[in-house]
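As a basis for the values below, the full set of heavy atoms in this structure was taken, side chains included, without hydrogen atoms, waters or symmetry mates. Atoms within a ligand are numbered from 1 in the order they appear, just like the ligands themselves.
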Amino acid sequence: MKTLQKLAMAQRRHYYTLSSLAVIVSLLIVLQAYLIVSIVDGLFLDKQTFDQVVYLLLVLLVVLLLRSSASYWTNLIGGKMAANVKMDYRKKLLDSYKNTTLTASYQGQSGGKVSVMLEAVDELDPFYSKYIPQRLMSTIVPVVILIVIFSQHWYSGVIILLTAPFIPIFMMIIGAKTQKKSEEKLESLSLFSGRFLDTLQGLVTLKLYGRSAHYKAVIQKSSLDFRDTTMNILKIAFTSSLMLELISMLSIGLVALELGLRLVVFKEISFFTAFFILLLVPEFYQSLKDLGSAFHAGRSSTGAVEKIEQELLKKEKEIKWGTAPFPKKITLIELVNVQYQYEKQGFRLENINALIREGEQVAIVGKSGSGKSTLLNVLAGLLQPDDGSLLVNKSERSTFKEQAWFKEISYITQHPYLFSGTISENIALGLNASQQEIKEAAKKAGISSLIELMPAGYDTEIGEGGRGLSGGEKQRIALARAFLRKPKIVLFDEPTTGLDLRTEQLLQQSMREMAKECTVITVAHRLQTIKQASTIWFLEKGRLLGQGTHEQLRTNNSAYRQLFDRQDEEEGM
Ligand code: ADP
Ligand code: MG
């Protein structure tokens, strides 16, 4: 609740308006009681005529109107506070996703995550629209009423003061119990609906395998379980509200008893005072009870805010940039003690030390999940290492200017993204290139003949995300982008699957072409690419276990040998 509270205090203006509204409402409550008592007193005890009290009735009407408009304003401001907080969180979340898109989006996780998190934001609503306004009401209104009662007849005040604490205490006890129960219920609900959905989706299969009777029993059992937990919670909820009512009724009764004795037996107070107090006391308890329900409504927000805050914390470390221009010629790229960890206890790249000299072609190899793509992301300047440095000609990567860096680096991921537009637009990608240059690049990437076969050639429209193109075609368009840009470093995450042999060979050839012009670092799965590289980095579980040529690693590194002997056999080499 702390975070939520802090955010509420950040909106001081609204907070103060709500407090003033609470004060106004308490005064209106007192005034309302006063007017009712005056009218009754005037009509029945002073024997006034209706004409004499009609103006009081009018004032009473105005008071009632004011009271309801005050509660309208309260709701409105609560809603506004909620809207502000939600907007803020949505913005923060989107910002954080914007920064992570580079690495996360091509892993295809962002879409689902964004929508889930943005929905969690909605759960913050009740805390601000219900709990906060009600809490202010429930602290201010009872205090004002109590002061008024004390000023009229302090015995009643004492009775209230003694009984009132039972309400919050009782609420807390029940709250703690129902909280746990209702969490259990939520769990059993999601279990139930999950199972139900699974079974529905698998209905045909179940029928085919003659298992429908068994699953009928399973569903029946889980639905009965669900009913039982719901009933249990309802039992607690009903008992608790009964107890709360009981406490407040007993307290009101006590006050009434005391007032009655003073009024009738001891004749110590006037009817006016007694009636006035008797009207105020229920309002006192009511506002305490209201806090309970608002508290439960706000409770769900606590879980949501924790979830969101965690998500925000997970945000990738910001990447630092400087102002230095990119060197004209790369003579040396060094990784010195590079470390990177996604999140605590998560995967980690450990102490990577390696160098790439001028003209070298590096292949990164390793099992799936060994950290190849992660290392490539670090090299690309998409991830900020936690420790260590990435040096280009002895200068830290973080000293370079961001634009200069990305102008000289091309990164071809496993799933290059194509935008809806023509093929030439997709190759040029905003670069001011002539049709001739674009064709040249496409040719080098080995895709020109394919493009020329298309209905509109280079002006063929392709769909968002490259619909209508195969994986290999997308890769080659991405390669054409790189050829057009003439970067100094090309990073390439070679796709493992989905490419036919012919496409593979075309890609290989283009890569060789590329290697003539710049430094190529590629994640490689195929022996062909690996053998072609001048240096191989062998990664396992985030560690660089070996560096060298294929033959060197094969003779010196048994883990490497194991990884490739199988592939050798498969490819018949
Ligand atoms: P490779 O490319 O060698 O298959 P990756 O570098 O993609 O391996 O991933 C290495 C490890 O890091 C994997 O265990 C993966 O689950 C984890 N990982 C990858 N991306 C993220 C991410 N954005 N957040 C947390 N963990 C990640
Ligand atoms: Mg990978």
side-chain hydrogen bond (donor to acceptor under 3.5 Å, both in side chains): which pairs involve residues 431-440, sequence neighbours left out?
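Residue pairs passing side-chain hydrogen bond (donor to acceptor under 3.5 Å, both in side chains), neighbours aside: Ser434-Glu437.
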In terms of relative ring orientation, are His550 and Tyr560 parallel, tilted or perpendicular, with 30° and 60° separating the classes?
perpendicular
Numbered atoms of ligand 1 (with element) below 4.0 Å of [X], judged on heavy atoms:
X: Thr374; result: 5 (P), 6 (O), 9 (O), 10 (C)
X: Lys367; result: 3 (O)
X: Ser373; result: 1 (P), 2 (O), 6 (O), 7 (O)
X: Ser368; result: 4 (O)

Cut-off 3.5 Å, side chains only: do Asn377 and Tyr411 have a donor facing an acceptor?
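Result is yes, a qualifying pair exists.
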Using ring centroids (six-membered ring only for Trp), state whether Trp321 and Phe400 fall under 6.0 Å.
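Between Trp321 and Phe400, which both carry aromatic rings, the centre distance is not below 6.0 Å.
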Would you say Gly371 has any N or O atom under 3.5 Å from an N or O of ligand 1, going by distance alone?
yes
Could you tell me whether Glu334 and Arg357 have a side-chain N and a carboxylate O separated by less than 4.0 Å?
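No salt bridge links Glu334 with Arg357.
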Lys86 to Tyr89 six-membered ring, cation-pi geometry met (6.0 Å, 45°):
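No.
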Just to check, does Gly366 reach to within less than 4.0 Å of ligand 1 when the distance is taken from its heavy atoms?
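False for this residue.
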Measuring from non-hydrogen atoms of Gly346 to any atom of ligand 1, is the shortest distance under 4.0 Å?
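The answer is no, since Gly346 has no heavy atom less than 4.0 Å from ligand 1.
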Any N, O or S atom of Thr374 closer than 2.8 Å to the Mg ion (ligand 2):
no
Looking only at non-hydrogen atoms, which of Tyr342, Phe347, Tyr340 approaches atom 26 (N) of ligand 1 most closely?
Tyr342
Start with the C-alpha gap between Ser534 and Gln361, add the side-chain angles, then the distance that decides, and say whether side-chain hydrogen bond (donor to acceptor under 3.5 Å, both in side chains) holds.
CA-CA 5 Å; Ser534 53; Gln361 309 304 320; over 6 Å; no
